[in-house]
Amino acid sequence: MAKPTFYITTPIYYPNDKLHIGHSYTTVAADAMARYKRLRGYDVMYLTGTDEHGQKIQLRAAEAGKPVMQFLDEIIEWIKDLWDKLDISYDDFIRTTEPRHTKVVEEIFERLIDQGDIYLSDYEGWYCTPCESFWAERELVEGKCPDCGREVQYVSEESYFFRMSKYVDRLLQFYEEHPDFIQPESRKNEMINNFIKPGLKDLCVSRTSFDWGIPVRRDPKHVVYVWLDALTNYITAIGYGSDDPKMRAKFEKYWPADVHFVGKEIVRFHVIYWPIILMALGLPLPKKVYGHGFLLMKDGKMSKSKGNVIDPKLLIDRYGSDAIRYFLLREIPFGQDGVFTPEALVERLNFDLANDFGNLVHRTAAMLHRFVGGRVPLPGARTDAEEELAELAGQTLRDLEQHMDEMQFSVALADIWRLIRAANKYIDDMAPWALHKRGDEERLRTVMYTVAETIRLVSVWVQPFIPRAGLQVLEQYGIAPEFRTWESTRTFGAPIGQSPVEQRPPLFPRLDVDEELEALAGLTRGRDGAPASRATDAEAAGHGAKQEGQRVESTATPTGVQTKETIGIDVFDQVELRVGQIRAADRVPNADKLLRLEVDLGAETRQIVSGIAKHFQPEELIGKKVVVVVNLKPVKLRGVASNGMILAASTEEQLQLVTVPDFMPNGAVVK
RNA sequence: GGCGGCGUAGCUCAGCUGGUCAGAGCACACGGUUCAUACCCGUGGCGUCGGUGGUUCGAAUCCACCCGCCGCCA
């Protein structure tokens, strides 16, 4: 019998800028689901991609002085590299500029006109070019764009429209027959009350005001506008409308999709317009649309103007993909918003990954070597303690599967960690070192086997979330392939005795909290202090979502000592350095590494927190003339405000402040 | 303004259709342990479950109103 299929998608992202950690969240969640389903024996199709049309792309490319396709290719390369770094196991990556997509969209459009679902009319309204948004007269704020506050133009444009109203009754009936279609449920009411009950408006599906898009075949001054282009990626990618019979078979195999993961801001398009488009095409509807929440920063949504956008690659480089994946999936209840704080990140990594899981694996390997010759021993008779752990393992598997089916990743991880904690506790209760000392070989073997077996189960289960660590432990513990399968974890007591176990360095390093908080403060300070061109926030994910981020610069070839991208003098010039004199210094309570400094900059005296307490006594700093970055965004470290940064040179062991001769006045510019 | 949601220990949050539901993790205090990444284990204090009324034998859990946040829409 053929394997059951599972088709899962992320939104296609709008590549007018680099993506941020919010996009990574959607993609990581979908990846965890895809990996889970593969482990469960499904034939999985996991699709992601990019939505590459629209005026804003065109404008961005022009700003960058590049041909549009070149501009896009460079960003797509960056995005694919990000997914590689995050271990995203997508099966296909669709770009809406590919012929397999554009050709089919053209045909769909023709067909829908012929069917009478699409008709020609006029679109009137106020248009904000940067936001690519139309506004009704009454929506304007003092005649300006309500989103960004900039000028809008009145436009009257001939447009094609999709007759949505025709399908409303069928849509409502579908909702009723498929109560789980929209997740979380609360979104469903919003949709019905806000869009459907008041009367669903026809959707504008073409534009004549720009030409970076798929032309309408019979009327090429029009290009297909956003949703009919973007949403259809979910079917064109798997072969809908293809000339190739193999691809058509693929479509038959995977459609309808099992779930579309989307950010909550685009739920509406996926649960109203997309089903209606599919009805018009006579295709079955997707089984589920899951609108997840946003990853917020402490001070609200991520946005460039707040300087709180984090480049995911910097995080991955520092902590590794497993760590970032774990944090995203554990910290944010799927469907709700979650908050990114440096403290939460470091604590999750230290407590859950290093202390609980990593240490369990590490201490067990050490004991296996020290007590029983470096192999998983053969167990003797079980006692109540072993039965209890086995029982908990069985319960954990049941809970885990249930929560994964509900797509509650954070709860599923909590389930696994409950067993990890129990295993750590079991070790303490059984005290193998005491058994060893006492010479109780049979008990010792039983205990060590039981711990190894628990580690085996956990390592299999953990793979959808942190694939590297899971696989690494299975290899370290010499687990045979047949005991790495999901099904094999239904039994506690697999014959893994005699497997040779390696001693390896800890899976996850324990992080120094102060050091990391300071480093993360640096990462979130936003590296291009330029004020954002508009106030809209970078949304977590989505078609046409309004995103601010860094423009992709041409890729520099690092040479010699250089490891970062080459920057222009204009970028460096944004950093304001001045001479400052340390007037006072004392330790920050509850922090090993932090000193609170008062620095005299001539015109003012500022408080700056610096992570140099390991290298200096507070007294010896008084009077020193140092170089201060004065235009850094203020941050709080351990609750103490820091309004700048002191420059220092450092190696692994040493650290010296960059100092200036005493005759230079406080406040003098350094450049 | 309309619709919806939320407000539970210092922090982040679980608590479905009312009766061991007053909980978990972190933080804090004390104790234990040494295999391990100063790690793990145990014990303990802490909460008027946003406020006020009401339904009920009994409400964090249902209802009404109020306060404060938030989401979608207008």
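Numbers restart at 1 for each chain; the letters A, B, ... are given by sequence-line order, proteins then strands. Computed from a predicted structure; not experimentally measured.
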Return the minimal non-hydrogen interatomic distance between [X] and [Y], and the atom names on each side.
X: A:Tyr477; Y: A:Val361; result: OH-O, 2.7 Å
X: A:Phe181; Y: A:His270; result: CZ-O, 4.2 Å
X: A:Tyr319; Y: A:Glu516; result: OH-OE1, 2.6 Å

[N] and [M]: how far apart are their [atom1] atoms, nearest whole angstrom?
N: B:rC16; M: B:rC21; atom1: P; answer: 11 Å
N: B:rU56; M: B:rA64; atom1: C1'; answer: 16 Å
N: B:rC28; M: B:rG50; atom1: C1'; answer: 26 Å
N: B:rA60; M: B:rG18; atom1: P; answer: 13 Å
N: B:rU48; M: B:rG42; atom1: C1'; answer: 31 Å
N: B:rG53; M: B:rA59; atom1: C1'; answer: 14 Å
N: B:rA22; M: B:rA9; atom1: C1'; answer: 10 Å
N: B:rG2; M: B:rG47; atom1: P; answer: 39 Å

**Message:** Under 4.0 Å, heavy atoms only, any strand: does A:Leu360 hit a base, just the sugar-phosphate, or nothing?
**Reply:**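 A:Leu360: no heavy atom of the nucleic acid under 4.0 Å.
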**Message:** Under 4.0 Å, heavy atoms only, any strand: does A:Asn424 hit a base, just the sugar-phosphate, or nothing?
**Reply:**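 A:Asn424: backbone/sugar contact only, no base atoms under 4.0 Å.
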Hey, are [X] and [Y] close enough for a salt bridge, meaning a charged N less than 4.0 Å from a carboxylate O?
X: A:Asp399; Y: A:Arg418; answer: yes
X: A:Arg456; Y: A:Glu453; answer: yes
X: A:Asp356; Y: A:Arg421; answer: yes
X: A:Arg170; Y: A:Glu177; answer: no

d([atom1], [X]; [atom2], [N]) in whole Å:
X: A:Phe357; N: B:rC39; atom1: CZ; atom2: P; answer: 18 Å
X: A:His369; N: B:rA36; atom1: NE2; atom2: P; answer: 13 Å
X: A:Arg418; N: B:rG23; atom1: CZ; atom2: C1'; answer: 14 Å
X: A:Gln503; N: B:rU37; atom1: CD; atom2: C1'; answer: 13 Å
X: A:Lys437; N: B:rU33; atom1: NZ; atom2: P; answer: 11 Å
X: A:His362; N: B:rC39; atom1: NE2; atom2: P; answer: 14 Å
X: A:Leu419; N: B:rC40; atom1: CG; atom2: C1'; answer: 16 Å
X: A:Met448; N: B:rA36; atom1: CE; atom2: P; answer: 12 Å

**Message:** Parallel, tilted or perpendicular, judged at 30° and 60°: which one describes the rings of A:Phe409 and A:Phe465?
**Reply:**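 Rings of A:Phe409 and A:Phe465: perpendicular, over 60°.
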Given [options], identify the nucleotide with an atom nearest to the side chain of [X].
X: A:Asp428; options: B:rG32, B:rU37, B:rU33; result: B:rG32
X: A:Ala354; options: B:rU37, B:rC40, B:rA36; result: B:rU37
X: A:Pro506; options: B:rU37, B:rC35, B:rC73; result: B:rU37
X: A:Arg510; options: B:rC41, B:rC39, B:rC73; result: B:rC39
X: A:Lys425; options: B:rC35, B:rC41, B:rU37; result: B:rC41
X: A:Ile427; options: B:rC35, B:rC73, B:rU37; result: B:rC35
X: A:Asp429; options: B:rU33, B:rC41, B:rA36; result: B:rC41

**Request:** Between A:Arg370 and A:Ala422, name the one whose nearest nucleotide on RNA chain B is closer to the 5' end.
**Result:**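 Between the two, 5'-proximity favours A:Arg370.
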**Item:** Toward the 5' end of RNA chain B, by each residue's nearest nucleotide, A:Ala366 or A:Ile420
**Value:**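 Its nearest nucleotide being more 5', the pick is A:Ala366.
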**Request:** Return one dot-bracket line describing RNA chain B 5' to 3' (Watson-Crick or G-U wobble pairs, both distances under 3.5 Å; ( ) same strand, [ ] crossing, | another strand, . none).
**Result:** (((((((..((((.........)))).(((((.......))))).....(((((.......)))))))))))).
Looking just at side-chain N and O atoms, do [X] and [Y] make a donor-acceptor pair shorter than 3.5 Å?
X: A:Asp87; Y: A:Ser321; result: yes
X: A:Arg363; Y: A:Asn424; result: yes
X: A:Tyr326; Y: A:Asp352; result: yes

**side-chain contact (heavy atoms from CB on, under 4.5 Å) partner of A:Tyr426, chosen from A:Thr454, A:Leu392, A:Val447** =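 The option that passes is A:Val447.
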**Message:** When you measure from the side-chain N and O atoms of A:Asn355 to the phosphate of B:rC40, is any distance below 4.0 Å, counting only OP1 and OP2?
**Reply:**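 Checking B:rC40 against A:Asn355, a side-chain N or O does come within under 4.0 Å of OP1 or OP2.
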**Prompt:** Which nucleotides of nucleotides 24-31 of chain B have their base under 4.0 Å from a protein heavy atom (B), which only their sugar-phosphate (S), and which neither (-), written as one string 5' to 3'?
**Reply:** --SS----
